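We name chains A, B, ... by the order of the sequence lines, and we start the count at 1 in each one. Just the heavy atoms: all of them, side chains too, but no hydrogens, waters or symmetry mates, feed the values below. The structure displayed is predicted, hence computed values, not measured ones.
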Amino acid sequence: MNSNWEIVIGLEIHAQLATKSKIFSGASTAYGGEPNTQACLVDLGYPGTLPVLNQQAIEMAIRFGLAVDAEISSRSVFARKNYFYPDLPKGYQISQLDLPIVVGGNMSILDGDGNEKIIGITRAHLEEDAGKSVHEGLDGLSGIDLNRAGTPLLEIVSEPEMSSAREAVAYMRKIHSIVRYLEISDGNMQEGSFRCDANVSIKRFDQKELGTRAELKNLNSFKFIEKAINHEVMRQIEIIEDGGEVKQETRLYDSDLDETRPMRSKEEANDYRYFPDPDLLPVIIDETYIADIKKTLPELPNAKQQRFIETYNLKVSDAQILTTTKQLADFYEAVEKIANTESQISANWVIGDYTAALNRDDLEIKDAKLSAADLAGLLNKIADQTISGKIAKEVFEAMWDGEGSAEEIIESKGLVQITDDSEIETIIDQVIENNPSQLAEYLSGKDRLFGFFVGQVMKETKGKANPQKVNEILKNKLT
Amino acid sequence: MSLNKEQIKYLAILSRMDIQDSEIKDVVDKLSRIVEFVDQLQAVSTEGTEPMAHPLEQGQRLRIDKVTEDNQREKIQLNANETNNGMYLVPKVID
């Protein structure tokens, strides 16, 4: 569909910073409180109150800037962005315009062909969030909850350098992963802690200047971003190919209908008359402070991924999955340290059965009963041939349900692998004797019946026979 | 620089001010005079001068990240026209 068209996407990501108190007041930022119980006089814009900047918000913004190789402004300024909406009591949002705290930076992603691509970051600035409006069930009125008003946000603005919806999602996932590694945002998209607006335009391949862009608002899931952008691109192509012109406007994505529609002009104000906020002095940041923060940065996803590939000899795709979150990476390394299995086998278990169980029960790593040591214990039972990989899956499920350690479960369920040659031999003899017709067919050249015999032995031993030994002995017997 | 009627009407919308047609001429005159007064500043050369964000020559003091405010909703909402389950009620903003 896009053969004649180049797609140009820029993202503005809003990450809610994980401070305890608001950016300019001492009210709590905890999620889910009763309406307006966490909105103090500063948040409500009462006359006579003054904003006082939260040091933690500054530190978190600097952490982000350092993590994406940006420049940290030695002097940055807060400005008022003026517009009227009931969830913004002051009539302006305190934000940053000319002198944001973070300038420049870049982020590497994998493009559609799996090649590394660098996406430029224009800037990241601090601002306060607005409140929330509720429009349903209030007799034709709107209800306003200002608990969220004044919550610190870091708005991360990218260069228009992504050329497909998939790249946009890859970039957003990367930023998501980084803010969580840095522990500056919980990244919870359902609760709105991490959301984005996308600027989308198209142009012909030979065209120099950018096309007119539409801004898609408040995309709060990776799936919706991809769908919304793809939908918007199709819409713009259709308009231009029909001889029309794309209008510069703000559009909302409707996930129920899978379409974007323009926001009504009433919801849109685009003349914000910014000016420096006289209530706040410029923020001065010195080099020592930045250097001190730099020392506290954790190993970031890209570096960790590279180390995993080099140290543990993992497949690139597996190293990438394991380093998506710090929690999963730490879990893997904890397993790897204790387990005597090959690193790749340990990785397969963490990415496979373990992650599947987490997803199935909708659990975070910290809430799961099965610890890294538990899982390593299970892997060691495979390594020392107490059980086969297949039986291990059964033991894993029992461990997941809290039935005990690998050792206890193997013991109580009698799952110890049969490795004794003579014992296996006896069972094999019995199986051969019980299946004379299959034996005849096999001997007359039906090779694939070998699997049948293996299956019968496994059935006889309830999967406990050592598979290598069964293969070996069976081969001898059948020739 | 003087302002025209259209600019005043636009500013009135942005700043949510209800300016009657009968008042517009008066507002145009008065605001234009203020703007002209400010125009004098344009005569000063500011080349090589860093824009000033605040007249005080010092940096912002920062707060430790600590919750210091407790719930004052009951008291604060005595000032509200109308509330429902703790929410402030306002005329409906969207359809």
Per-residue contact mode, A:K22 against chain B (heavy atom under 4.5 angstrom): backbone
Chain A contact via B:E57 - which portion, at a heavy-atom distance below 4.5 Å: neither
A:V134 portion near chain B, given a 4.5 angstrom heavy-atom threshold: side chain
Over 12 non-hydrogen atoms of neighbours within 6.0 angstrom of CD in A:E34: no
Nearest heavy-atom neighbours spanning B:K92 and A:H135: NZ-O, 3.2 Å
Interface moiety of B:P55 toward chain A, non-hydrogen atoms closer than 4.5 Å: neither
Atom pair CG (A:D271) and CG (B:L14), whose distance is rounded to the nearest 0.5 Å: 5.0 Å
Chain B interface, residue from A:D145, A:D277, A:L280 that has the most non-hydrogen pairs under 4.5 Å: A:L280
Closest-packed option against chain B by number of heavy-atom pairs under 4.5 Å, given A:V77, A:L138, A:D87: A:L138
Contact class of A:L141 relative to chain B, heavy atoms under 4.5 angstrom: both
Residues of residues 23-30 of chain A contacting chain B, heavy-atom criterion under 4.5 Å, by residue number: A:I23, A:F24, A:S25, A:G26, A:A27, A:S28
Contact class of A:V52 relative to chain B, heavy atoms under 4.5 angstrom: both
Separation of A:N36 CG from B:Y88 OH (nearest 0.5 Å): 5.0 Å
Contact class of A:L99 relative to chain B, heavy atoms under 4.5 angstrom: neither
More than 12 heavy atoms from other groups under 6.0 Å of CG on B:N81: no
Heavy-atom pair of closest approach, residues A:P35 and B:N85: CG-O, 3.7 Å
Atom group of A:P282 that falls short of 4.5 Å from chain B, counting heavy atoms: both
CG (B:N4) with more than 12 external heavy atoms under 6.0 Å: yes
Value rounded to 0.5 Å, distance of OG1 in A:T37 from CD1 in B:I76: 10.5 Å
For A:L281 against B:H54, the heavy-atom pair lying closest together: CD2-ND1, 3.3 Å
Chain A-proximal positions within residues 58-72 of chain B [heavy-atom distance under 4.5 Å]: B:Q58, B:G59, B:Q60, B:R61, B:L62, B:R63, B:I64, B:D65, B:K66, B:V67, B:T68, B:E69, B:N71
Under 4.5 Å from a heavy atom of chain B, the part of A:A39 involved: backbone
